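In what follows, a single structure is set out as structure tokens and then discussed.
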Amino acid sequence: MAAAAELTLLEKSLGLSKGNKYSAQGERQIPVLQTNSGPSLTGLTTIAAHLVKQANKEHLLGSSAEEKAVVQQWLEFRVTRVDGQSSKDDIRTVLKDLNSYLEDKVYLTGYNFTLADILLYYGLHRFIVDLTVQEKEKYLNVSRWFCHIQHYPGIRQHLSSVVFIKNRLYTSSH
């Protein structure tokens with residue numbers, strides 16, 4: 001999904017109705033937002049943080065200094081490790097790392113839903129939607145987190161819902 005499309009989804013989920021116009025620059029199609037008052041903003045995470053502040057939802061950027069740093073860390077992870085990945089092996093490595101990290105967490109910062117969860121969800125959607133049932137089971141913590149985020153009000157919007165099997169049926173041979 002193009003960054004401009006993600007930013008438009010983010011705007012809607014934040015309740016912003018302006019409908020900013022985004023352009024893209026360079027080979028990697030880095031998003032650019034021309035603001036009404038001042039210089040243009042460049043980069044997915046920079047623009048996303050700006051939108052969060054515009055919507056007066058700063059809690060999505062973290063509530064403590066440590067949580068803000070963790071949000072920033074995962075926004076960097078999204079841009080450096082997820083964006084631009086195309087090979088199955090690269091994505092498996094990302095999912096394996098994320099799966100380990102999420103073992104004892106509900107959200108990326110622990111117990112608070114943040115911008116990092118939203119943008120990582122958008123960034124991983126195209127990969128998660130193509131996983132087999134076995135792969136989803138292999139990355140159980142990622143699957144749990146992803147399923148939780150896609151059901152968070154206003155986040156998924158028009159993106160396809162990813163189905164996760166919750167119950168296994170075993171046949172007993174008594």
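This structure is a prediction, so every number in the text was calculated from the model and none was measured.
Here the side chains of Glu137 and Ser143 are not in contact, with every heavy-atom distance at 4.5 Å or above. The shortest side-chain heavy-atom distance between Gln34 and Lys21 does not fall under the 4.5 Å cut-off. At least one side-chain heavy atom of Leu41 sits less than 4.5 Å from a side-chain heavy atom of Thr35. Looking only at side-chain heavy atoms (C-beta outward), Leu14 and Leu60 come within less than 4.5 Å of each other. A 4.5 Å side-chain heavy-atom check between Val162 and Leu131 finds every atom pair outside the cut-off. Residues Leu16 and Gln54 are in side-chain contact: their nearest non-hydrogen atoms beyond the backbone lie under 4.5 Å apart. Side-chain contact between Leu7 and Asn20 is absent, with no heavy-atom pair separated by less than 4.5 Å. Taking 4.5 Å as the limit, every side-chain heavy atom of Arg156 sits out of range of all side-chain heavy atoms of His151.
Classified by interplanar angle (parallel below 30°, tilted 30° to 60°, perpendicular above 60°), the ring pair Tyr107/His148 is tilted.
Using modelled atom types and a 3.5 Å distance limit, the side chains of Glu67 and Ser63 yield a donor-acceptor pair. Of the N and O atoms on the side chains of Glu6 and Tyr121, not one donor lies less than 3.5 Å from an acceptor on the other residue. Side-chain atoms of Asp90 and Ser87 form a donor-acceptor pair, as typed in the model, at a separation below 3.5 Å.
Note that CD of Glu11 and OG of Ser17 are 9.0 Å apart. Values are rounded to the nearest 0.5 Å. Rounding to the nearest 0.5 Å places CG of Asp117 at 6.5 Å from OG1 of Thr109. Taking NE2 of His125 as the reference point, atom OG of Ser161 lies at 7.5 Å (rounded to 0.5 Å). Atom CG in Leu75 sits 9.0 Å away from atom CG in Leu120 (nearest 0.5 Å). Note: Arg144 CZ to Tyr139 OH = 16.0 Å, rounded to the nearest 0.5 Å. The line from NZ of Lys68 to CG of Leu115 is 13.0 Å long, rounded to the nearest 0.5 Å.
The closest donor-acceptor contact from the side chain of Arg78 to the backbone of Leu119 lies under 3.5 Å.
Using a 4.5 Å cut-off between side-chain heavy atoms of Ile, Leu, Val, Met, Phe, Trp and Tyr, with links allowed through other members, Val79 and Val82 fall into different hydrophobic clusters. Tyr111 and Ile155 fall within a single hydrophobic cluster, where Ile, Leu, Val, Met, Phe, Trp and Tyr are joined by side-chain heavy atoms under 4.5 Å apart, directly or via other members. With hydrophobic clusters built from ILVMFWY side chains whose heavy atoms lie under 4.5 angstrom apart, Leu51 does not share a cluster with Val32. The hydrophobic cluster containing Ile149 also contains Leu159, counting ILVMFWY residues as joined when their side-chain heavy atoms lie under 4.5 angstrom apart, directly or transitively. Hydrophobic cluster membership differs between Ile30 and Leu9, with clusters built from Ile, Leu, Val, Met, Phe, Trp and Tyr side chains linked at under 4.5 angstrom.
Other residues, nucleotides and ligands contribute at most 12 non-hydrogen atoms within 6.0 Å of the CD atom of Glu66.
Minimum heavy-atom separation, Ala3 to Pro31: CB-CG, 3.5 Å. Of all non-hydrogen atoms in Ala48 and Leu10, the two that sit nearest each other are CB-CD2, 3.6 Å.
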Could you list the donor-acceptor pairs under 3.5 angstrom formed between side-chain atoms of residues 92-105 and any protein atom two or more places apart in sequence or on another chain?
unit_1 : atom_1 : unit_2 : atom_2 : d
Arg92  : NH1    : Asp89  : OD1    : 3.0
Thr93  : OG1    : Asp89  : O      : 3.0
Asp97  : OD2    : Arg81  : NH1    : 3.4
Asp97  : OD2    : Arg81  : NH2    : 2.8
Asn99  : OD1    : Leu140 : N      : 3.3
Asn99  : OD1    : Asn141 : N      : 2.8
Asn99  : OD1    : Val142 : N      : 3.1
Ser100 : OG     : Lys96  : O      : 3.3
Tyr101 : OH     : Trp74  : NE1    : 3.4
Tyr101 : OH     : Leu108 : O      : 2.6
Lys105 : NZ     : Tyr101 : O      : 3.3

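The ring of His59 has its center no closer than 6.0 angstrom to the ring center of Phe113.
Under 4.0 Å is where a charged nitrogen must lie from a carboxylate oxygen, and between Lys88 and Glu135 at least one such pair does.
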